[in-house]
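Right, one structure below, let's go through it.
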Amino acid sequence: MTKQKFFFLLAMVTMLPLQRVCADPAPLNFQLSIIDHTNGGGRHRTPVLSPSVSIEEYTLYFDTPCDGCELRIVDEDGDIVYSTTIPSSCSSLDLPSTLSGDFELQIIQGNFCFYAEIQL
């Protein structure tokens, strides 16, 4: 009788749907600010394209290139707690795991600052 229960239990377990263990990276919705209005920050003939970046835990994934741009993490007081230059051909970048809380992620691209709220 125990063999029948074992095979029944085994059959039931194999029919259970499997869940995906790792989460998908969440896309960041950037807003735009102009750093220096006197340095060509007026109207542009073409729209300024926001970078396509997503985050999963402490890893940023770049869907569009941000080569040579400055990346900053700013805390709630406006202090820069982390800053780096995004290397060429970079598809992902690990942020320091020592950071935790709510931050503003900034990508400085020339005269433009793309910023989004993140939680680490």
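Each residue takes its place number in the sequence, starting with 1. Side-chain atoms are counted along with the backbone in the values below, which use heavy atoms only and exclude waters and symmetry mates.
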Are [X] and [Y] packed together at the side-chain level, in the sense that at least one heavy-atom pair is separated by less than 4.5 angstrom?
| X | Y | value |
| --- | --- | --- |
| L105 | L60 | yes |
| F112 | I34 | yes |
| F30 | V53 | yes |

- Transitive ILVMFWY side-chain link Y58 to Y61, under 4.5 Å: no
- Message: Hydrophobic clustering (ILVMFWY, side-chain heavy atoms < 4.5 Å, transitive) - are L49 and F62 grouped together?
- Response: no
- Task: Using the salt bridge (Lys or Arg N to Asp or Glu O under 4.0 Å) rule, collect all pairs that involve residues 94-108, keeping only residues at least two apart or in two chains.
- Result: none
- Item | Qualifying salt bridge (Lys or Arg N to Asp or Glu O under 4.0 Å) pairs with a residue from residues 71-83, counting only residues at least two apart or across chains | E70-R72
- Message: Who clusters with V74? Use side-chain heavy atoms, under 4.5 angstrom, across I, L, V, M, F, W and Y, and order the result by chain and number.
- Response: I80
- Cluster partners of Y115, using ILVMFWY side-chain heavy atoms under 4.5 angstrom, listed by chain and number? none
- Report the distance from atom CG of L71 to atom OG of S83, rounding to the nearest 0.5 Å. 7.5 Å
- Query: How many angstroms lie between CD1 in I108 and OG1 in T85, if you round to the nearest 0.5 Å?
  - Reply: 11.0 Å
- Note on the structure: side chain to side chain donor-acceptor pair (under 3.5 Å) filter on S52, not counting sequence neighbours, yields D63
Between [X] and [Y], which heavy-atom pair has the shortest distance, and what is it?
| X | Y | value |
| --- | --- | --- |
| S50 | F114 | CA-CE2, 3.6 Å |
| I107 | P51 | CD1-CG, 4.2 Å |
| S89 | D67 | N-OD1, 3.1 Å |
| C90 | S92 | SG-O, 3.0 Å |
| A116 | L28 | CB-CB, 4.2 Å |

- Task: Please identify each residue that fulfils side-chain contact (heavy atoms from CB on, under 4.5 Å) with L99, with sequence neighbours left out.
- Result: I73, V81, Y82, P96, F103, L120
